[in-house]
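Single-structure report; data block below.
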Amino acid sequence: MTDRYAVFGNPIGHSKSPRIHALFAAQTGQDISYEAILAPPDGFAASIDAFLAAKGGPARGANVTVPFKEEAFRLATRRTARAEAAGAVNTLSFDAGAIIGDNTDGAGLIRDLKNNVGCDPAGRRILLLGAGGAARGVILPLLLENPAELLIANRTEETAARLALEFARLPGCAVDVKPDGTGFAGLDGRQFDLVINATSAGLGNAVLPLPTSVFAPHCVAYEMFYGRETAFMAQARAAGARVGDGLGMLVEQAAEAFFVWRGVRPHTAPVLAAIKA
Ligand code: NDP
């Protein structure tokens with residue numbers, strides 16, 4: 001019997017996950033099906049129940065995207081440490097009545113930075129823009145890479161301050177984790193080796209009020225949004241930074257979920273190339 005998987009979101013029509021997982025399955029010879037399911041805004045848990053009860057092969061797992069990641073966190077009967085740190089779940093595994101919640105977004109970012117973008121976060125001065133779900137999900141994985149510092153800047157400063165305090169208090173955290181303290185205004189004159197845009201400003205192509213100085217010589221600017229050039233990417237390019245977008249993170253977080261479910265790690269480079277094409 002073919003093991004069943006799906007991605008749940010709203011909207012979901014645009015999702016590249018079914019194609020990515022079909023390519024992973026073909027490459028690794030895994031017998032799985034993977035579909036995209038549109039869950040109603042107030043019907044995420046019911047949609048998961050229906051998926052579990054549907055006829056066919058056993059339901060083994062699910063990916064979860066906007067706006068259900070926090071609800072998936074609450075639905076899980078057990079959670080991994082990285083899901084706990086992220087406060088959100090993007091990967092569910094179904095195992096004999098248990099629902100295990102995981103978060104592979106951070107691992108996806110780190111793998112993309114190291115393997116595709118060619119930027120190892122170790123020892124770098126990192127500026128993280130944004131303090132929403134995506135930012136929260138990548139803070140612990142970034143800290144585990146031992147950057148020189150991690151500064152969090154957000155339009156709403158209190159959210160950045162709360163996040164920085166929470167992660168700076170982690171036992172064993174040797175990294176200087178700080179909020180910028182001014183919601184972007186205090187960045188003038190500061191320099192970073194890696195600037196990650198985890199705001200959703202790219203959606204509306206809003207320009208972030210960033211001073212050019214934040215992009216140090218040889219800086220890498222990483223836009224988590226993908227699909228088109230954003231104002232942030234243009235701003236970073238103009239300042240001389242090397243620019244990457246979030247498509248690689250999307251493929252890498254999917255590969256991590258595939259590994260969690262199947263115990264096999266697919267090669268991501270050909271899949272990333274196929275999705276880009
Ligand atoms: P959230 O809604 O949780 O957070 C949005 C963040 O963006 C907040 O910090 C918000 O600031 C900030 N923001 C929104 N609009 C503006 C603006 N005009 N100017 C400045 N700041 C702004 O979203 P997520 O964290 O879930 O997603 C953020 C981005 O990451 C999205 O573009 C998403 O597509 C991308 N993403 C990519 C992934 C990938 O695999 N490539 C995976 C997950 C996310 P404030 O607190 O002030 O409201």
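Ligands are counted one by one from 1 in listed order, and the atoms in each one are counted from 1 as well.
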message = Please determine whether a side-chain nitrogen of the Lys or Arg among Asp180 and Lys178 lies less than 4.0 Å from a carboxylate oxygen of the Asp or Glu.
response = no
message = For the 3.5 Å polar cut-off, considering only N or O atoms, please tell me whether Met249 and ligand 1 meet it.
response = no
request  = Determine, for Arg82 against Asp102, whether the closest basic-nitrogen to carboxylate-oxygen distance falls under 4.0 angstrom.
outcome  = yes
ask   = When you look at NE2 of His218, are more than 12 heavy atoms from neighbouring residues, nucleotides or ligands closer to it than 6.0 Å?
value = no
task = Return the option from Phe232, Phe184, Phe225 holding the heavy atom at the smallest distance from atom 34 (O) of ligand 1.
result = Phe225
Identity of the nearest option to atom 43 (C) of ligand 1, non-hydrogen atoms only, from Gln253, Lys69, Glu223 = Lys69
ask   = In terms of the angle between their ring planes, are Tyr34 and His21 parallel, tilted or perpendicular, with boundaries placed at 30° and 60°?
value = parallel
Atoms in ligand 1 with a heavy atom of Ala131 nearer than 4.0 Å = 9 (O)
query = Does the side chain of Asp245 pick up a donor-acceptor pair with the side chain of Tyr222 at under 3.5 Å?
reply = no
query = Which part of Ser200 is near ligand 1, with near meaning a heavy atom under 4.0 Å away: side chain, backbone, both or neither?
reply = both
query = Taking atom 4 (O) of ligand 1 as the point of reference, which of Pro67, Gly137, Gly132 owns the nearest heavy atom?
reply = Gly132
ask   = If you count the atoms of ligand 1 from 1 in the order shown, which ones are under 4.0 Å from a heavy atom of Gly130?
value = 9 (O)
request  = Provide the number and element of each atom of ligand 1 under 4.0 Å from a heavy atom of Ala206.
outcome  = 18 (N)
query = Tyr226 heavy atoms, cut-off 4.0 Å: which ligand 1 atoms fall inside?
reply = 41 (N)
inquiry  = Under a plain distance cut-off of 3.5 Å, with no hydrogens placed, do Asp95 and Ser93 share a side-chain donor-acceptor pair?
reply    = no
ask   = To the nearest 0.1 Å, how far is atom 3 (O) of ligand 1 from its closest protein heavy atom, and which atom is that?
value = Gly133 N, 2.9 Å
inquiry  = Check for me whether Ala198 has a heavy atom closer than 4.0 Å to any atom of ligand 1.
reply    = yes
message = Ignoring hydrogens and geometry beyond distance, is a side-chain donor-acceptor pair present between Asn205 and Thr230 at under 3.5 Å?
response = no
inquiry  = Test your reading of the structure: does Gly246 have an N or O sitting under 3.5 Å from an N or O of ligand 1?
reply    = yes
query = What's the shortest distance from atom 12 (C) of ligand 1 to any protein heavy atom, and which residue and atom give it?
reply = Thr199 CB, 3.7 Å
query = With a cut-off of 6.0 Å (strictly less than), are more than 12 heavy atoms of other residues, nucleotides or ligands near CZ of Arg169?
reply = no
key: Min N/O separation Arg155 to ligand 1 under 3.5 Å   = yes
message = Closer than 4.0 angstrom, basic N to acidic O: yes or no for Glu84 and Arg79?
response = yes
ask   = Could Arg60 and Asp3 be called an ion pair, given the rule that one side-chain N must be under 4.0 Å from one carboxylate O?
value = yes
request  = Could you say whether the N/O atoms of Met224 and ligand 1 ever approach to under 3.5 Å?
outcome  = yes
ask   = What atoms in ligand 1 come closer than 4.0 Å to a heavy atom of Ala134?
value = 24 (P), 25 (O), 26 (O), 27 (O), 28 (C), 30 (O), 44 (C)
request  = For the residue pair Tyr5 and Trp261, categorise the inter-ring angle as parallel (less than 30°), tilted (30 to 60°) or perpendicular (more than 60°).
outcome  = tilted
request  = Flag atom 28 (C) of ligand 1 as yes if some protein heavy-atom distance to it falls below 4.0 Å, otherwise no.
outcome  = yes
task = Decide, yes or no, whether a salt bridge links Glu229 with Arg237 under the criterion of side-chain N to carboxylate O below 4.0 Å.
result = yes
request  = Could you tell me whether Asn154 approaches ligand 1 through its side chain, its backbone, both or neither, with non-hydrogen atoms closer than 4.0 Å?
outcome  = side chain
key: Nearest neighbour of atom 47 (O) of ligand 1 from the list Thr159, Thr156, Asn90, on a heavy-atom basis   = Thr156
key: Leu208, portion touching ligand 1 at heavy-atom distance under 4.0 Å   = side chain
